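Comments concern the structure below.
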Amino acid sequence: DTAVSQTPKYLVTQMGNDKSIKCEQNLGHDTMYWYKQDSKKFLKIMFSYNNKELIINETVPNRFSPKSPDKAHLNLHINSLELGDSAVYFCASSITADTQYFGPGTRLTVL
Amino acid sequence: AQSVTQLGSHVSVSEGALVLLRCNYSSSVPPYLFWYVQYPNQGLQLLLKYTSAATLVKGINGFEAEFKKSETSFHLTKPSAHMSDAAEYFCAVSDKGSGTYKYIFGTGTRLKVLA
């Protein structure tokens, strides 16, 4: 009965491809996030949605496009993948400023 | 803008010894502060949080942290380290000032526990 789930867990693809990562939360939270963790373990916010509305859009290449079909789902689509996109991507959810609950992560490897 | 500094990217302690992981923050408003733990190839799990209530916060697995406004610190401690505590630890501040509640993470501290 996973609170925040992500699919796939691992994603290996070639440069130039387009891929998507899906995230779902069953906690009833109204805010969802995408974070990127680089090879040095540094975590940085990419996007956040509140009730399907984009509220945070950090300095991220526009090849990255989040989509929230409803408040329980936040997907991340990446166009024209580059080597530098290789990282672990975490989805999280919360109620406003309180605790964020993280998914297990998706390890993206671009070859 | 808020920020978080974690001193020491790697900390090694002997099993049974005190664990002290340091976190300093900067914030123009009273912060919410969090410690998360990440075990290898896993997501982040909340250890404890400070949200303007008691300054000494107790968390899971025997960890605790003390909010010290005068020192702008939120250091994580555990009296006696176990081998199972070996992991990456992240301090985070919730950027309430922006109205968006995004986390600003520190760079992480890898804890190694020696037998």
Side-chain angles (χ1 to χ4, degrees), chain A residues 2-10 21 23-25 27 29-51 53-60 66 74 87-109, chain B residues 1-6 8-11 21 23 25 27 29-53 57 59-60 65 86-112:
Chain A
T2 306
V4 182
S5 60
Q6 295 179 229
T7 54
K9 188 168 175 62
Y10 299 96
I21 306 172
C23 177
E24 176 180 4
Q25 55 97 2
L27 298 168
H29 291 167
D30 50 10
T31 306
M32 296 184 72
Y33 312 80
W34 277 110
Y35 288 86
K36 179 180 180 180
Q37 185 174 47
D38 63 22
S39 59
K40 295 185 178 177
K41 299 288 188 182
F42 184 62
L43 278 153
K44 193 171 189 312
I45 183 81
M46 299 174 69
F47 302 104
S48 177
Y49 271 72
N50 180 271
N51 282 321
E53 180 183 347
L54 181 66
I55 58 171
I56 296 174
N57 187 351
E58 294 291 293
T59 308
V60 176
L74 180 61
V88 181
Y89 292 85
F90 287 100
C91 178
S93 71
S94 74
I95 297 175
T96 62
D98 210 320
T99 308
Q100 292 186 19
Y101 293 85
F102 285 78
T106 296
R107 183 175 296 274
L108 172 65
T109 304
Chain B
Q2 292 171 311
S3 65
V4 173
T5 302
Q6 289 184 242
S9 58
H10 292 81
V11 170
L21 303 183
C23 174
Y25 69 92
S27 175
V29 297
Y32 284 4
L33 292 159
F34 305 83
W35 274 101
Y36 282 84
V37 61
Q38 184 180 27
Y39 297 103
N41 298 313
Q42 293 189 28
L44 280 77
Q45 180 183 4
L46 179 72
L47 278 176
L48 48 80
K49 63 181 180 182
Y50 169 77
T51 55
S52 307
V57 181
I60 63 170
E88 191 89 24
Y89 291 80
F90 293 94
C91 182
V93 62
S94 180
D95 187 7
K96 295 186 294 174
S98 69
T100 57
Y101 314 118
K102 69 180 182 182
Y103 278 7
I104 307 297
F105 279 95
T107 50
T109 297
R110 177 159 294 181
L111 176 65
K112 188 174 181 180

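First the proteins, then the strands, lettered A, B, ... as listed; each starts at 1. Owing to the predicted nature of the structure, the values given are computational and were not obtained by experimental measurement.
Contacts between E88(B) and chain A at a heavy-atom distance below 4.5 Å involve the side chain alone, from C-beta outward. With a threshold of 4.5 angstrom between heavy atoms, L44(B) approaches chain A through its backbone and through its side chain. Only the side chain of I45(A) comes within contact range of chain B, with heavy atoms under 4.5 Å apart. For a residue to count as touching a neighbouring chain, one of its non-hydrogen atoms must lie under 4.5 Å from one of that chain's; by this rule Q45(B) does not touch chain A.
Closest approach of T107(B) to F42(A), counting heavy atoms only: CG2-CD1, 4.0 Å. Here the closest heavy-atom approach between residue Y36(B) and residue Q100(A) is recorded as OH-O, 2.6 Å.
Note that NZ of K41(A) is 5.5 Å distant from CZ of R110(B), once rounded to the nearest 0.5 Å.
Contact of the N41(B) side chain with the R107(A) side chain is registered, since non-hydrogen atoms from C-beta on lie closer than 4.5 Å. Put simply, the side chain of Q37(A) does not reach to within 4.5 Å of the side chain of F105(B), judged on heavy atoms.
Taking Y49(A) as the reference, nothing meets the ring pair (Phe, Tyr, Trp, His ring centres under 6.0 Å) condition, with sequence neighbours excluded.
Environment of NZ in K112(B): sparse, with no more than 12 heavy atoms of neighbouring residues, nucleotides or ligands closer than 6.0 Å.
The salt bridge (Lys or Arg N to Asp or Glu O under 4.0 Å) pairs that include a residue from residues 42-51 of chain A are K44(A)-E58(A), where partners are two or more places apart or lie in different chains.
Ring-plane geometry between Y103(B) and F102(A) is classed as tilted, the angle between the planes lying from 30 to 60 degrees on a 0 to 90 degree scale.
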